[in-house]
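See structure below.
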Number of protein chains: 2
Amino acid sequence: MINANDFFDALSDETRRRLLVLLVGDDELCVCELCYALDLPQPKVSRHLAVMRESGVLSVRREGLWIYYRIHPLLPAWAYRILDQMGQGCAALEIFQGDRKRLKEMPNRPVRCCA
Amino acid sequence: MINANDFFDALSDETRRRLLVLLVGDDELCVCELCYALDLPQPKVSRHLAVMRESGVLSVRREGLWIYYRIHPLLPAWAYRILDQMGQGCAALEIFQGDRKRLKEMPNRPVRCCA
DNA sequence: CAACTATATTCGTCAAAACGAATATAGTCA
DNA sequence: TGACTATATTCGTTTTGACGAATATAGTTG
């Protein structure tokens, strides 16, 4: 079970918050979708995802070449609620709106076969 | 109005989270009470309070020699809810319990005359 | 006014963490 | 098998931010 300090460490970086806001809205996204949405280099995105995976904020599944990240399903209720409210708070910021817009317009998004 | 990035910066340090959790529970506390509760040197506590004051997470009033901090009353609803849930999440951690216990047992707490 | 108390700030140092570039790994498909 | 794709990791550097120690400020009280 994640503890509060690890959880808030995950929230302490803007790149990670951008990733989390997308994942709260979309339930599951692969690395290439996240890179495209944030318009950031893949190693940078992977590094931030790794931080959150290792601290238990995110969980992962593989499907072929693609790795899908989601908010960890065993997060305690208070943590879920914070992520949800974070979405509300960030919705007003242009940068977060751009992320969602790019994701929506991304061409050739990988197709989940057996989610 | 505070923006989400400034708000989450405030939450990114454990000392600041300890201060916030006390303030969420007690509505208004002076610097010496916070120093005593956290058992930390006054300049360290003041510096962290300043970070949160400058970003709009806390507001301040003076009463004689004492300066009372509180959660900023104009915080947006999502931010209040996050602070509230943070209290839930941190309640399980020993260090936060110790803070509240010391505060409760503090001798000679300053008396508010005209809150 | 001087002494005192509560709080704030400055400064130099140090450590954590984010970064870009390069490379490694792992799965797929011909 | 080798080429290719998606993702992960390593490494050296740089930036950010927390820190302790010292000092400044501001209000109170004699």
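Letters A, B, ... are given to chains in the order of the sequence lines, protein chains preceding strands, and every chain is numbered from 1. Since we're looking at a predicted model, the values are computed, not measured.
- Rounded to a whole Å, the CD atom of B/E33 is 9 Å from the P atom of C/dT7.
- Taking the side chain as every heavy atom from C-beta outward, B/E28 and B/R112 approach each other to under 4.5 Å.
- Rounded to whole Å, atom P of D/dG17 lies 16 Å from atom CZ of B/F8.
- When distances are taken from the side chain of B/A50 to each of C/dT9, D/dA8, C/dG20, the shortest belongs to C/dT9.
- Between A/G64 and A/P43, it is A/P43 whose nearest contact on DNA chain C lies nearer the 5' terminus.
- Following rounding to the nearest Å, A/M52 (CE) and C/dA17 (P) show an atom-to-atom distance of 15 Å.
- With values rounded to the nearest 0.5 angstrom, A/S46 atom OG is found 11.5 Å from A/L40 atom CG.
- Following rounding to the nearest Å, A/L49 (CG) and D/dA6 (P) show an atom-to-atom distance of 16 Å.
- Annotation: side chain of B/H72 is not in contact with side chain of B/I2 (no heavy-atom distance under 4.5 Å).
- In terms of polar N and O atoms assigned as donor or acceptor, the side chain of B/Q42 comes within less than 3.5 Å of the base of C/dA8 in a complementary pairing.
- Contact annotation for B/Y68: no contact, since no heavy-atom pair falls under 4.0 Å across all strands.
- Between A/Y36 and D/dA6 there is no side-chain polar atom (N or O) within less than 4.0 angstrom of OP1 or OP2.
- We find that CG of A/L11 is positioned 16 Å from C1' of C/dA17, with the value rounded to whole Å.
- For A/L65, whose side chain is taken as the heavy atoms from C-beta onward, the closest listed nucleotide among C/dA18, D/dT5, D/dT7 is D/dT5.
- Using a 4.0 Å cut-off, some side-chain N or O of B/R53 falls inside it from OP1 or OP2 of C/dT9.
- Each of A/L49, A/L19, A/L20 was checked for a side-chain contact (heavy atoms from CB on, under 4.5 Å) with A/V57, and the lone residue meeting it is A/L20.
- The CH2 atom of A/W66 sits 9 Å away from the P atom of C/dT28 (whole-angstrom rounding).
- Ring pair B/F7/B/W78 is perpendicular by interplanar angle, where above 60° counts as perpendicular and below 30° as parallel.
- Applying the 4.0 Å criterion to OP1 and OP2 of C/dA17, one finds that A/H48 has every side-chain N and O outside that range.
- Out of C/dT7, D/dA8, D/dC19, the shortest distance to the side chain of B/V31 is found at C/dT7.
- Out of C/dA8, D/dA8, D/dA18, the shortest distance to the side chain of B/D13 is found at D/dA18.
- At least one donor-acceptor pair under 3.5 Å links the side chain of B/R16 to the backbone N or O of B/D9.
- Within the 4.0 angstrom heavy-atom criterion, no nucleotide atom of any strand lies near B/P110.
- When the C1' atom of D/dT15 is taken as reference, atom NZ of A/K44 falls 12 Å away, rounded to whole Å.
- Atom CG in B/D9 sits roughly 12 Å away from atom P in C/dA18 (whole-Å rounding).
- Residue contacts shown for A/R62 are limited to sugar-phosphate atoms, with no base heavy atom under 4.0 Å away.
- When the nearest nucleotides of DNA chain D are assigned to A/V45 and B/R16 by heavy-atom distance, the more 5′-ward of the two goes with A/V45.
- At D/dA8, one or more side-chain N or O atoms of A/Y69 fall inside 4.0 Å of OP1 or OP2 (strictly under the cut-off).
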